[in-house]
Number of protein chains: 2
Amino acid sequence: MFFTKSYKTNRLETVLDEPLSRSNDHQPKERLLDAAEELFAAKGFGEVSVRELAAAADVNVAAVNYHFQGKENLFQEVISRRFSIQRDRTLQGLQSLLDQTEGRPQVEQVIQVMVSEYLDGALSNSFLTMITREMHGGKGGTHVEFFKQMVAPVFAAISKALIAARPSLKQEDLNWVIASIVGQIHHFILRRIKCKSCQDMPEALEIMLKAFPALALDQDEYVRLTTNHIARFSTAAIDGMYPEEN
Amino acid sequence: MFFTKSYKTNRLETVLDEPLSRSNDHQPKERLLDAAEELFAAKGFGEVSVRELAAAADVNVAAVNYHFQGKENLFQEVISRRFSIQRDRTLQGLQSLLDQTEGRPQVEQVIQVMVSEYLDGALSNSFLTMITREMHGGKGGTHVEFFKQMVAPVFAAISKALIAARPSLKQEDLNWVIASIVGQIHHFILRRIKCKSCQDMPEALEIMLKAFPALALDQDEYVRLTTNHIARFSTAAIDGMYPEEN
DNA sequence: ACAGAATTCAAACACTTGTTTAATATTGAT
DNA sequence: ATCAATATTAAACAAGTGTTTGAATTCTGT
């Protein structure tokens, strides 16, 4: 259901390579995908109307159904074109870390890779915003495929890398440790996004910045500091709970 | 806007003491509040229709507007009656910890109180589910009051308690540390909720349980284990990053 | 330049949304 | 018991939803 390429003319490959810029010299179908990605991420699936999508993409309302056979399918197309890119970036980042360190990376390095890939991907395009949102809300059934194809492989790769870094970590421990790291990542992502959406509400913005000044930084700096914090925090935790055995 | 008691006959005090049972021997207004709390938590504000609410509460559709002057107000009433209870539980838990330890608690104790109150509250009634959901999604503007009245005092109390436990922690550090802890809490809550909502989808359920077996436990046990993990993980992190100075 | 397919469009579709109405029923104080 | 205030009801409301239609337009291969 997730990967049903409902394109009439199958151009999935080229679509995946699109820079996804906000310029509107694309074809209507691409414009719709771009607009949808942005709107779904900003407001959630249920809060975006087809007419709103059409207006944002500057196409006719019927275009949604002509090109995607419905709003739901458009949503899934939006996800599936970003989805695998993000996963592959993380997998490849972890792999190249293992290569560079001859299979014995530092714990902090593993977490650093995992966090920075995730954060950067989540904040620079709105894909992971959507994922996070739909993981938390959503109908439920949609996520099975997502879990199998996105979460599971990444989870496995992280487990492998962490065990390579700290052999005293057992699989059961990893379930908890990785959950703690992922929880932090999501929280720092959502905080940032929330802050962005309050940009035009001075009162709300002021409160958020007071509670968390780092939100005022530009994105690169935010990613850098946050990655650093999560990696140090989590590494310290792992060092404390599962010290190296010699 | 958050605390506008739009009751015709003001019975806010008694409402706050209601056990919120699922029995329907309440008055229609209470039944609506109960049904709304459950449905909003399960599906989100936008995904629940007024007719659905009315049916669940076994009242007429018009009752929503008669008693609450609109769906939005009902939502805010639902929040505001649970809202302060949860906050006060945490504040009071932290205070009594400080009392018992003569102002010098252990870091792990502070986190333990904070996490267990939050987890227990979030999982036994659906209030915090709603909050979490609306924090992540939602319009944005609604949250200002919530932030001021709920988040800010709790944040301040936790900061105070953590500094009492580990004076080497500075306010700037606390912004990051507390965020890391809260992120973990939210993640373990949402995981649990997600799992509940997959109860009738064997395939999805199996995947989730395989990735995280603790989700199969009953709630008390889940809260216990999770509280324990987060407290140990975070304490180890704090010990590593901000050791006691002697 | 033409025919045929693919696309775009305004309009309408059937349906759901939150809210209101006006009539009816219930309640509670005198 | 009475009467006004309160509460509940079925029905209707206007506005918005996702989707479909069929004619008009643009594109494409010959």
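Numbers restart at 1 for each chain; the letters A, B, ... are given by sequence-line order, proteins then strands.
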Trainee: Take the protein atom OH of A:Y66 and the nucleotide atom P of C:dT8, then report the distance between them rounded to whole Å.
Mentor: 7 Å

Trainee: Side chains of B:D120 and B:R89, heavy atoms from C-beta outward: is any pair under 4.5 Å?
Mentor: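 Yes, their side chains come closer than 4.5 Å.
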
Trainee: Round to a whole Å and report the spacing from CG of A:L74 to C1' of D:dT17.
Mentor: 16 Å

Trainee: How many Å lie between CG on A:L53 and C1' on D:dG16, as a whole number?
Mentor: 15 Å

Trainee: Checking contacts here: which listed nucleotide (D:dA10, C:dC9, C:dA11) is nearest the side-chain heavy atoms of A:N60?
Mentor: C:dC9

Trainee: Hey, is the side chain of A:H67 poking within less than 4.0 Å of OP1 or OP2 on C:dA6, counting only N and O atoms?
Mentor: no

Trainee: For D:dT17 and A:S49 - does any side-chain N or O of the residue sit under 4.0 Å from the phosphate oxygens OP1/OP2?
Mentor: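 Checking A:S49 against D:dT17: at least one side-chain N or O falls below 4.0 Å of OP1 or OP2.
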
Trainee: Without decimals, in angstroms, what is the distance between A:L39 CG and D:dG18 C1'?
Mentor: 16 Å

Trainee: What's the separation between atom CD1 in B:I79 and atom CD in B:Q76, rounded to the nearest 0.5 Å?
Mentor: 7.5 Å

Trainee: Where the side chain of A:K71 meets the backbone of A:V48, is there a donor-acceptor pair that is under 3.5 Å apart?
Mentor: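 Judged by distance alone, yes, a pair lies under 3.5 Å.
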
Trainee: Between A:E47 (CD) and D:dG16 (C1'), how many Å, whole number?
Mentor: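 The distance from CD of A:E47 to C1' of D:dG16 comes to 14 Å, rounded to the nearest Å.
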
Trainee: Taking the nucleotide of DNA chain D with the nearest heavy atom to each, does A:A62 or A:E52 sit closer to the 5' end?
Mentor: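 Its nearest nucleotide being more 5', the pick is A:E52.
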
Trainee: Can you check the B:K29 NZ to C:dT27 P distance for me, whole Å?
Mentor: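 It works out to 16 Å between those atoms.
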
Trainee: Where the side chain of A:V61 is concerned, which of C:dA6, D:dA7, D:dT19 is the nearest nucleotide?
Mentor: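 Closest nucleotide among those given: D:dT19.
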
Trainee: Any side-chain N or O of A:N65 under 4.0 Å from OP1/OP2 of D:dT19?
Mentor: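 Answer is yes, contact under 4.0 Å.
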
Trainee: In this structure, how many angstroms lie between the P atom of D:dA10 and the CG atom of B:D58, rounded?
Mentor: 11 Å

Trainee: Round to a whole Å and report the spacing from CZ of A:F68 to P of C:dA6.
Mentor: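 A:F68 atom CZ is separated from C:dA6 atom P by 17 Å.
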
Trainee: Less than 3.5 Å between a donor and an acceptor, one on the side chain of A:R51 and one on the base of D:dG16, is that the case here?
Mentor: no

Trainee: Can you tell me how the ring of B:H186 sits relative to the ring of B:Y118, calling it parallel under 30°, perpendicular over 60° and tilted otherwise?
Mentor: perpendicular

Trainee: How are the rings of A:F188 and A:F212 set to each other: parallel, tilted or perpendicular (split at 30° and 60°)?
Mentor: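 Rings of A:F188 and A:F212: tilted, as their planes differ by 30° to 60°.
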
